[in-house]
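Notes follow once the structure below has been shown.
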Amino acid sequence: MTEFVAHLESIYGPTAEQQSARYRAGLERFREAYGPGPVHIFRAPGRVNLIGEHTDYNHGYVLPVALDRDALLLARPRPDGQVRLKNVEGKFSPGTFSVSATIPSAPIGDWSNYARGPAQELTRLLGKPVPGFDGLVSAAPPYGVPRGAGVSSSSALTVAMAVAFAHFAGWDWQGAEMARLCSDAEWYVGTRGGIMDQFIALLAERGHALFLDCRPDAQGDFLSRPIPLPAGYRLLVMDSGVRHTNTRNEFNQRVAACRAGVALLRRVYPAITHLRDVEDEPWGGLEALLPEVASVAELKGEGVALGDLPNVPDDAPLRVRACCRHVWSENHRVLATISALDRGDIVRVGQLLDEAHQSAGTDYCISTPELDTLAAAARQVNGVAGARLTGAGWGGCVISLVPEGEVAEFTAYVGRVYTVQTGQEATIFPCQAGPGAGLVGLAEV
Ligand code: GLA
């Protein structure tokens with residue numbers, strides 16, 4: 001185990017010791033559940049997004065950072081094509097399914113869907129069933145990824161499963177193809193998200209954010225570039241404790257508003273396929289072509305097709321103009337943030353993060369009073385460079401760049417203000433910018 005701990009240090013840095021206790025406990029549980037023998041250990045991290053929210057499914061730009069909090073999957077291959085799953089958290093009941101190219105989904109909310117999706121997608125891609133396995137998942141906070149907090153716990157689980165299936169199938173995956181596969185696997189669960197979460201979970205580099213252009217090139221590859229986090233600052237994550245409810249519908253309605261925008265703009269710009277394509281047009285000209293609000297039924301009546309989008313009722317009022325404005329302006333902000341980071345202009349980075357929070361709240365309507373309270377409190381602390389909600393929204397976390405010397409003061413102050421103003425507790429922790437998913441090692445239990 002000593003050797004193992006040294007390896008864990010290269011993944012987790014200062015929390016390696018605590019992580020090794022978690023690994024040990026997981027291995028012990030695995031032996032109890034499935035008996036002695038070899039065990040493969042896979043992991044995939046959660047993420048925060050520095051800037052670039054709801055741009056990925058519009059083929060725009062994002063700048064996510066992996067957390068050192070992850071989903072662990074302990075697994076031992078089986079010869080019979082069965083997947084048996086257990087979870088260290090008793091509230092998640094065990095699941096079993098057989099691998100094939102068409103795996104029936106379990107009811108919505110059943111966590112085994114995060115394994116069924118990748119098993120089905122990888123089986124289709126490889127043209128033969130991937131091997132099954134006995135698996136045990138360990139993803140409980142504090143060292144696992146907080147759930148429902150907008151830090152991609154579901155993508156972490158999907159990616160950990162996909163990496164395990166790929167390993168047992170002997171598939172030497174490449175970033176873009178694997179990210180797309182995992183993204184398709186999540187469509188299996190029902191959310192029409194983009195590719196950001198899977199990409200960062202797979203390709204993160206320690207100490208870096210990842211600039212990603214979500215528009216695939218002709219070969220289906222994506223342009224990406226690791227961006228070092230600013231020296232002298234810590235990226236702090238403030239979890240509001242407010243959890244998303246029913247966000248699949250809200251999320252898909254935002255996707256619908258963007259698609260409606262594209263369909264309407266195409267009347268003047270026939271070649272466009274995504275909002276990204278009008279990035280260089282002045283907003284004033286675009287705005288005039290978009291209705292403030294339109295229902296799905298009205299749009300259909302005008303011949304606007306929105307494609308396959310579950311849970312978007314016909315009478316849902318889509319705020320087409322404001323949603324498109326957010327995406328258009330957010331893409332500009334991501335590029336401006338990259339240049340500000342490149343030239344070390346942290347004050348400008350902070351302004352852009354603040355503007356992104358404002359746009360997410362007023363235009364995309366995904367903030368909450370709790371997230372606004374956290375962001376406002378964070379900005380009060382000396383030298384802080386911006387604060388914004390991160391992830392899909394409707395609860396979850398706010399991030400902020402905090403001067404290293406102010407971290408203790410920041411944590412105490414923001415925590416206190418949040419409790420006084422909302423009566424709730426925030427969990428505030430530094431993001432260690434961990435590496436991407438993979439096989440951690442092989443152990444004998
Ligand atoms: C969710 C989705 C991502 C992205 C974000 C918002 O996390 O899974 O693809 O759209 O929301 O930026």
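We count ligands from 1, going down the list as the structure has it; atoms in each ligand are counted the same way.
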Checking Ala426 now: which residues fulfil side-chain contact (heavy atoms from CB on, under 4.5 Å) with it, not counting sequence neighbours?
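Residues passing side-chain contact (heavy atoms from CB on, under 4.5 Å) with Ala426: Leu374, Tyr418, Ile428.
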
Which of the atoms in ligand 1, numbered in the order shown and given with their element, are less than 4.0 Å from a heavy-atom of [X]?
| X | answer |
| --- | --- |
| Arg47 | 7 (O) |
| Gly194 | 9 (O) |
| Phe251 | 1 (C), 2 (C), 10 (O), 11 (O) |
| Asp197 | 1 (C), 2 (C), 3 (C), 7 (O), 8 (O) |
| Glu53 | 6 (C), 12 (O) |
| Met196 | 4 (C), 5 (C), 12 (O) |
| Tyr57 | 10 (O) |

Quick test of your reading of the model: are Glu302 and Arg267 salt-bridged, counting only N-O distances below 4.0 Å?
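Judged by the 4.0 Å cut-off on N to carboxylate O distance, Glu302 and Arg267 do form a salt bridge.
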
Using a strict 4.0 Å threshold on nitrogen-to-oxygen distance, state whether Arg124 and Asp184 make a salt bridge.
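Here Arg124 does not pair with Asp184 in a salt bridge, since their nearest N and O are not under 4.0 Å apart.
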
Are the side chain of Asn331 and the backbone of Tyr61 linked by a donor-acceptor contact shorter than 3.5 Å?
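Checked: pair present.
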
Give a yes or no on whether the backbone of Pro104 and the side-chain of Arg116 come within a donor-acceptor separation of less than 3.5 Å.
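Flag set: sc Arg116 to bb Pro104 pair under 3.5 Å.
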
Test of ring centre spacing under 6.0 Å for Phe133 and Phe42
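Centroid separation for Phe133 and Phe42: 6.0 Å or greater.
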
Kindly state whether the ring of His40 and the ring of Phe168 have centres lying under 6.0 angstrom apart.
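Yes; Phe168 has its ring centre under 6.0 Å from that of His40.
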
Relative to ligand 1, is Glu330 under 4.0 angstrom through side chain, backbone, both or neither, heavy atoms considered?
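Neither; nothing of Glu330 gets under 4.0 Å from ligand 1.
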
Just checking, Arg69 and Phe429: is the charged tip under 6.0 Å from the six-membered ring centre and within 45° of the axis?
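Arg69 over Phe429 ring: yes.
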
With a 4.0 Å cut-off on heavy atoms, is Arg254 in contact with ligand 1?
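No, Arg254 has no heavy atom closer than 4.0 Å to ligand 1.
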
Return a yes/no value for Thr55: is any of its N or O atoms, backbone included, closer than 3.5 angstrom to an N or O of ligand 1?
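Among all N and O atoms of Thr55, none is under 3.5 Å from an N or O of ligand 1.
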
Which residue from Ile51, Asp56, Val151 reaches closest to atom 3 (C) of ligand 1 through any of its heavy atoms?
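Ranked by closest heavy atom to atom 3 (C) of ligand 1, first place is Asp56.
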
